[in-house]
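Take a look at the structure set out below.
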Amino acid sequence: MNFYDEVYELCKKIPKGKVSTYKEIGKAMNSRAYRAVGQALRNNPYAPIVPCHRVLNSKGELYGFNGKMNNKNLKDKEKLLLKEGVKVKNNKVIDFEKKLFKF
DNA sequence: CGCTTGACACCGT
DNA sequence: AACGGTGCCAAGC
(Lines give C-alpha, C1' and ligand atoms only; values in the text may rest on other atoms or scores of the structure.)
Protein backbone atom coordinates (compact mmCIF):
# COMPACT_ATOMS: atom_id res chain seq x y z
CA MET A 1 0.00 0.00 0.00
CA ASN A 2 1.79 3.11 -1.15
CA PHE A 3 0.92 6.63 -0.26
CA TYR A 4 -1.35 7.19 -3.22
CA ASP A 5 -3.41 4.07 -2.64
CA GLU A 6 -3.87 5.10 0.94
CA VAL A 7 -5.32 8.37 -0.22
CA TYR A 8 -7.65 6.67 -2.64
CA GLU A 9 -8.84 4.21 -0.04
CA LEU A 10 -9.69 7.00 2.33
CA CYS A 11 -11.50 8.91 -0.37
CA LYS A 12 -13.61 5.93 -1.13
CA LYS A 13 -14.61 5.78 2.51
CA ILE A 14 -16.23 9.16 2.33
CA PRO A 15 -19.95 8.46 2.46
CA LYS A 16 -22.31 9.83 -0.08
CA GLY A 17 -23.57 13.27 0.76
CA LYS A 18 -20.51 14.03 2.88
CA VAL A 19 -17.28 15.80 2.11
CA SER A 20 -13.79 15.87 3.55
CA THR A 21 -10.65 17.93 3.36
CA TYR A 22 -7.05 17.37 2.41
CA LYS A 23 -5.98 18.10 5.92
CA GLU A 24 -8.30 15.52 7.41
CA ILE A 25 -7.02 12.89 5.03
CA GLY A 26 -3.49 13.77 5.92
CA LYS A 27 -4.27 13.47 9.59
CA ALA A 28 -6.07 10.21 9.01
CA MET A 29 -2.87 8.65 7.74
CA ASN A 30 -0.77 10.05 10.55
CA SER A 31 0.93 12.56 8.34
CA ARG A 32 0.86 16.19 7.46
CA ALA A 33 1.20 15.51 3.78
CA TYR A 34 -1.97 17.25 2.80
CA ARG A 35 -0.14 18.59 -0.20
CA ALA A 36 0.87 15.17 -1.38
CA VAL A 37 -2.77 14.21 -0.99
CA GLY A 38 -3.62 16.80 -3.57
CA GLN A 39 -1.17 15.29 -5.97
CA ALA A 40 -2.65 11.87 -5.52
CA LEU A 41 -6.14 13.08 -6.28
CA ARG A 42 -4.95 15.11 -9.20
CA ASN A 43 -3.63 11.94 -10.81
CA ASN A 44 -6.66 9.91 -9.79
CA PRO A 45 -6.24 6.74 -11.82
CA TYR A 46 -9.49 5.45 -10.32
CA ALA A 47 -11.50 8.22 -11.82
CA PRO A 48 -15.08 7.02 -11.28
CA ILE A 49 -14.35 4.87 -8.25
CA VAL A 50 -12.66 7.52 -6.18
CA PRO A 51 -14.96 10.47 -5.55
CA CYS A 52 -12.23 13.06 -5.56
CA HIS A 53 -14.80 15.81 -5.85
CA ARG A 54 -15.77 15.24 -2.24
CA VAL A 55 -12.39 16.42 -1.08
CA LEU A 56 -12.10 20.13 -0.49
CA ASN A 57 -9.68 22.53 1.07
CA SER A 58 -9.97 23.56 4.69
CA LYS A 59 -12.36 26.37 3.86
CA GLY A 60 -14.80 24.02 2.25
CA GLU A 61 -14.18 25.29 -1.23
CA LEU A 62 -13.72 23.36 -4.43
CA TYR A 63 -10.11 24.07 -5.10
CA GLY A 64 -9.03 23.52 -8.69
CA PHE A 65 -12.13 21.63 -9.71
CA ASN A 66 -14.35 24.04 -11.43
CA GLY A 67 -12.36 27.14 -12.13
CA LYS A 68 -8.80 26.18 -12.83
CA MET A 69 -8.97 22.88 -14.60
CA ASN A 70 -11.03 22.79 -17.73
CA ASN A 71 -12.19 19.21 -17.63
CA LYS A 72 -15.80 19.02 -18.57
CA ASN A 73 -16.33 16.17 -16.15
CA LEU A 74 -15.61 18.46 -13.26
CA LYS A 75 -18.64 20.46 -14.10
CA ASP A 76 -20.70 17.33 -13.80
CA LYS A 77 -19.06 16.61 -10.49
CA GLU A 78 -20.56 19.72 -9.03
CA LYS A 79 -23.88 18.50 -10.28
CA LEU A 80 -23.19 15.14 -8.74
CA LEU A 81 -22.50 16.78 -5.42
CA LEU A 82 -25.77 18.62 -5.58
CA LYS A 83 -27.50 15.41 -6.39
CA GLU A 84 -25.93 13.77 -3.36
CA GLY A 85 -27.27 16.50 -1.12
CA VAL A 86 -24.18 18.66 -0.93
CA LYS A 87 -25.14 22.18 -1.82
CA VAL A 88 -22.48 24.03 -3.76
CA LYS A 89 -22.57 27.75 -4.23
CA ASN A 90 -19.92 29.55 -6.18
CA ASN A 91 -17.50 26.65 -5.74
CA LYS A 92 -18.11 26.59 -2.01
CA VAL A 93 -19.95 23.98 0.00
CA ILE A 94 -22.86 25.15 2.09
CA ASP A 95 -22.94 23.80 5.66
CA PHE A 96 -19.53 22.45 4.97
CA GLU A 97 -18.67 21.89 8.61
CA LYS A 98 -21.86 19.98 9.11
CA LYS A 99 -21.25 17.70 6.16
CA LEU A 100 -17.59 17.27 6.92
CA PHE A 101 -16.64 13.65 7.30
CA LYS A 102 -13.91 12.87 9.82
CA PHE A 103 -12.07 9.61 9.83
C1' DC B 1 20.94 12.68 -4.81
C1' DG B 2 19.04 17.27 -4.95
C1' DC B 3 15.96 20.84 -6.90
C1' DT B 4 11.36 22.00 -8.40
C1' DT B 5 6.54 21.54 -8.31
C1' DG B 6 1.80 21.20 -6.49
C1' DA B 7 -6.34 19.87 -6.05
C1' DC B 8 -2.96 22.82 0.80
C1' DA B 9 -2.59 25.19 5.45
C1' DC B 10 -0.97 28.57 8.61
C1' DC B 11 0.62 33.01 10.13
C1' DG B 12 2.22 37.52 9.66
C1' DT B 13 1.54 42.00 7.44
C1' DA C 1 -10.45 41.07 4.93
C1' DA C 2 -7.16 40.16 1.43
C1' DC C 3 -2.47 39.06 0.14
C1' DG C 4 1.94 37.11 0.41
C1' DG C 5 5.63 34.42 2.45
C1' DT C 6 6.82 30.05 4.66
C1' DG C 7 6.35 25.18 6.03
C1' DC C 8 4.75 20.69 4.96
C1' DC C 9 5.40 15.91 2.23
C1' DA C 10 5.66 12.96 -1.73
C1' DA C 11 6.71 12.62 -6.87
C1' DG C 12 9.10 13.80 -11.07
C1' DC C 13 12.89 15.02 -13.50
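Basis for what follows: all heavy atoms, side chains included, without hydrogens, waters or symmetry-related copies. Only a predicted model underlies this, so the values are computations on that prediction, with no experimental measurement involved. Quick note on labels: first sequence line is chain A, next is B, and so on, each numbered from 1.
The distance between atom OH of Tyr34(A) and atom C1' of dC8(C), rounded to the nearest whole Å, is 5 Å. For Glu6(A) and dC9(C), the CD to P distance is 16 Å, given to the nearest whole Å. Atom CG of Asn43(A) is separated from atom P of dA11(C) by 10 Å (rounded to the nearest Å). Leu62(A) has its CG atom 14 Å from the P atom of dA7(B), to the nearest Å. The separation between Leu41(A) atom CG and dA10(C) atom P is 15 Å, rounded to whole Å. Look at OH on Tyr8(A): it is 12 Å from C1' on dA7(B), rounded to the nearest Å. Note: OH (Tyr4(A)) to C1' (dA7(B)) measures 11 Å, nearest angstrom. Atom CD in Glu24(A) sits roughly 10 Å away from atom P in dA9(B) (whole-Å rounding).
Residue Lys23(A) places none of its side-chain N or O atoms closer than 4.0 Å to OP1 or OP2 of dC8(C). For the OP1/OP2 pair of dA9(B) and a distance below 4.0 Å, the side-chain nitrogens and oxygens of Ser58(A) include at least one atom meeting the criterion. OP1 and OP2 of dC8(C) both lie 4.0 Å or more from every side-chain N or O belonging to Arg32(A).
The two atoms that bring Leu41(A) and Cys11(A) nearest to each other are CD2-SG, 3.5 Å, heavy atoms only. Heavy-atom minimum distance, Phe101(A) versus Lys18(A): CB-CB, 4.0 Å.
Distance CZ/Phe103(A) to CD1/Ile25(A): 5.0 Å, rounded to 0.5 Å. Between Lys13(A) atom NZ and Ser20(A) atom OG the span is 11.5 Å, to the nearest 0.5 Å.
When distances are taken from the side chain of Ser31(A) to each of dG7(C), dA7(B), dC9(C), the shortest belongs to dC9(C).
Within 4.0 Å of Phe3(A), counting heavy atoms only, lie sugar-phosphate atoms of the nucleic acid but no base atom.
Between Asn43(A) and Tyr4(A), the side chains place a donor N or O and an acceptor N or O closer than 3.5 Å (distance only, hydrogens not considered).
One can find a donor-acceptor pair under 3.5 Å joining the base of dG7(C) and the side-chain atoms of Arg35(A). With hydrogens and angles ignored, no donor-acceptor pair under 3.5 angstrom links the side chain of Gln39(A) to the base of dA11(C).
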